[in-house]
Amino acid sequence: MNYLTRRVLATVGVLWGVSIAVFALIHLVPGDPVRLALGTRFDQGTYDALRAESGLDRPLVSQYFHWLGNAVTGDLGVSFRSEDPVADVIAERLPATVSLAVAAIVVALLISVPLGLASALRPRSILDRAATLVSQFGISVPDFWLGILAILILAGSLGWFPAGGYVPLTEDPLRWLRHLVLPALTVGVVSGAVLTRFVRAAALEVLSEDHVRTARAKGLSEAVVIRRHVLRNTAVPVLTVIGIQLAYLLSGVVVVEIVFSWNGLGQLALQSVQARDYPVLQGAVLLFAAVFLVVNLVVDLLYAWLDPRISLT
Amino acid sequence: MVLVGLAALTGCGEGLNAVDKGPTPFVAAISGEPDQLDPHKTTAYASFQVLENVYDTLVVPKPDGSGYDPQLAESWTTADDGRSWTFQLRRGVKFASGEEFDAGDVVYSLKRIIDEKLSNAFRLEPITDVVAVDSHTVRIDLAQPTPYLLAELGGFKGTAILPEGAADRLNLARETDGTGPFRVARDTAAGITLLPNENYWGDGPHVSSLEFRFVSEPTTALVALQTGEIDWTDNLPPSQLKKLADDDHVTLGQVPSVDYWYLATNFERKPFDDERVREAINYGLDREAIAEAAQPNAAKPIQTAIPEGLYGHTDYAPITRDVAKARSLLADAGHPRVSLGLMVTSEYPETVQVAQVIASNLHEVGIDVRVEVEEFATWLDRESKGDFDSFLLGWIGNADPFDFYQSQHSCDGANNYQKYCDPETDELLKRAATEPDPAAREDLYDQVARRIVDAESYLYLYNPQVVQGWSPEVTGYEIRPDRAVNFENVRFG
């Protein structure tokens, strides 16, 4: 078996394990979805009818295999709350989360690559110290606080951007972008602060390596050295961090999504937990697990392409 | 580089936004997202905020909560024995789909709720049959006289009238077909857009469209209202209310609600089965401070359930805070120090603050309160299992004394989680439920109310205000004590 096949099989195995763990854990949490759906007033007949309809009256193991059987064929069940197919519910939220995650990573890279490289090239300079301070700030402040600050100043006092809400790209690209800016900045600044440190550390390490010294000794210009030798090799460790950040962002930045009423997967997951909407929650967690596994796989494959010394066979 | 991009974006954004606004769409920000739009199935307040504008019921609560106005029923009569009511239906009404409204639709809708045991079936429990007498007359037969029938039929949109067979043709969780001023045009994760119902029988609506956006963070909603992105919200930060009264960008609306918030102790747990211990708790509470913690400058301390001015209000407030009396009651009961678990839910953050005030109040009388903050699902679970010393919650949007007392304080009541059971109260409740004479009925409920207060079945705490904010350009909006949100008559300017 080649590497790719092995990795894909392992991924499926891990997903199956996750599905068992998730199913067990969700059902262990106290709280009855039927009671929640019926509110504070109901009669027993109504309760029993709804419970039977949702299949919650069957033994847990039988519920699990029923769910797994359907899930394998792509049927993730129907939401307890909205009665919509889980796959549709998730698909509806996906574009919001993907656009926020990608935009945030772009912002993070725009901040961290120049800042981290500049710091590494002039260690202990004023610029380096300033960059360290800024990234320390970004790492320490909670993202919701940054978000509320952005809303009060950039949306409230200055009126440059809408305070919250999501407009689909397909509906109106310009309004989509205007709504995207504040949440993307908020998430991007925090991610960028983390990334700056990694870029700086990785670049410092590469700069001290023999091939860089050789390149400089050959009389190559500094710009060429940085572009050909430093950037590319710095990318390898940084890529891992970007991968982890992206996977984290794709599984929903719950707090930022709530502050900006950005209706993505993070909000969906939170609402599903609160409503004990088991089918949606299971589907969402499974998706999050899959995203992490796939991102990891892609990062590993990119390694080999970027650094021929790493072999994956 | 990022900043340059920003400037360009905002520059062109402003201009486009102005064009975008179109004629006059009305944008309302609500704090939650509707779970689904089937009025007979949902129990979520967020859903009813939308559905209020889409569906009609036979009758509708008067804006001040003092009784019922005609809606799809123009008039009604009650048989002499009280066991059947006959409703004359409005003529010339059409659903948004164009279908004529008639008696068949009423029969279909009410029977759907009863036969399929949908979430509002408990409201229609006394109904034995719904009969179409002719195309515009409906008779409702009852197992016993039901003087509170109008409250159950029209208290809110959970008993909305759908066109006959609607559930077979439409996905009612997502699609609507009502006789109200609006119809749902688009329902996405970003919001719900409603358009005017062209066939509406009333004279509204007066805006080109109505859009609901879901904004759970109050600060975001407030900034959006101040900057004109939205026109209305009920999600304002409580701490800002004083300041908002002087804000030119916001019209602040406040009216006393029909909700009550209360504390209940578990009658089946020692030492709370001892009336003296419950009474000590009651004498230990500082209701003024509690109300202030719940809603600064707005909530009103109460000792009975039904707000002043409503049918069934009982003027009875026997308790003034008395620490010495509370201490001596505990000593008499043989429990000079009591430990009390107080269950509250993060679903209603103000209850968490209230619980802290209660804890400090009761500490002074020798009761050590453990505040247990639970997520709502867990909270409900523990409530229904009786796994608590005491809990704090509210009862929202009532219409008739029956709704205020029956299921909470009768021995086998569905919501009697505190397990209060008193044969005399039960007897009074039974008689009151079927008493046709309003004055005699009110007197029975008055006795019930006093017994509940004296036995501490519920310790009523405060009655909050409904607080909403809207743009000063908006006219025709009426804030209501039952929290129903109706945009039929709103206009700009």
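Every chain is numbered from 1, with letters handed out A, B, ... down the list of sequences.
Atoms CD and CZ, on Glu217(B) and Phe260(A) in that order, are 10.0 Å from each other to the nearest 0.5 Å. One finds the CD atom of Glu116(B) at 12.0 Å from the CG atom of Leu50(A) (value rounded to the nearest 0.5 Å). Atoms CZ and OG1, from Phe144(A) and Thr219(B) in turn, are 11.0 Å apart once rounded to the nearest 0.5 Å. Distance check, rounded to the nearest 0.5 Å: CD of Gln274(A) to OG of Ser346(B) gives 7.5 Å. Atom OG1 of Thr227(B) is separated from atom CG of Leu158(A) by 11.5 Å, given to the nearest 0.5 angstrom. In this structure, the separation between OG1 on Thr46(A) and CD1 on Ile113(B) is 11.0 Å, given to the nearest 0.5 Å.
In this structure, chain A has a heavy atom under 4.5 Å from the side chain of Arg174(B), while its backbone stays farther away. Residue Leu36(A) touches chain B through both its backbone and its side chain, counting heavy-atom pairs closer than 4.5 Å. Residue contact with chain A, scored on non-hydrogen atoms closer than 4.5 Å, involves the side chain of Glu125(B) exclusively. There is no contact between Asp387(B) and chain A, counting heavy-atom distances below 4.5 Å. Using a 4.5 Å cut-off between heavy atoms, Thr42(B) makes no contact with chain A at all. Neither the backbone nor the side chain of Leu37(B) has a heavy atom closer than 4.5 Å to any heavy atom of chain A. Neither the backbone nor the side chain of Asn120(B) comes within less than 4.5 Å of any heavy atom in chain A. When heavy atoms are compared at a cutoff of 4.5 Å, Ser47(B) does not approach chain A at all. Contact of Ala155(A) with chain B is made through backbone and side chain together, with heavy-atom distances under 4.5 Å. Neither the backbone nor the side chain of Gln226(B) comes within contact range of chain A; no heavy atoms are under 4.5 Å apart. In this structure, no portion of Val106(A) lies under 4.5 Å from any heavy atom of chain B.
Remark: Tyr458(B) engages Tyr262(B), His409(B), Tyr460(B) in a ring-ring contact (aromatic ring centres under 6.0 Å, His included) (not counting sequence neighbours).
Across every non-hydrogen atom of Ala224(B) and Ala163(A), the tightest pair is N-CB, 4.0 Å. The minimum heavy-atom distance between Pro30(A) and Asp381(B), with the atom names listed, is CB-OD2, 3.9 Å.
The backbone N or O of Leu380(B) sits less than 3.5 Å from a side-chain atom of Arg35(A), completing a donor-acceptor pair.
Contacts with chain B (heavy atom to heavy atom, under 4.5 Å) involve these residues of residues 77-87 of chain A, listed by number: Arg81(A), Ser82(A), Glu83(A), Asp84(A).
Between chain B and the options Arg93(A), Arg276(A), Gln271(A), heavy-atom pairs under 4.5 Å are most frequent for Arg276(A).
The closest side-chain heavy-atom distance from Phe214(B) to Asn263(A) is below 4.5 Å. The closest side-chain heavy-atom distance from Arg186(B) to Glu171(A) is below 4.5 Å.
The environment of NE2 in His27(A) is crowded: more than 12 heavy-atom neighbours from other residues, nucleotides or ligands sit within 6.0 Å.
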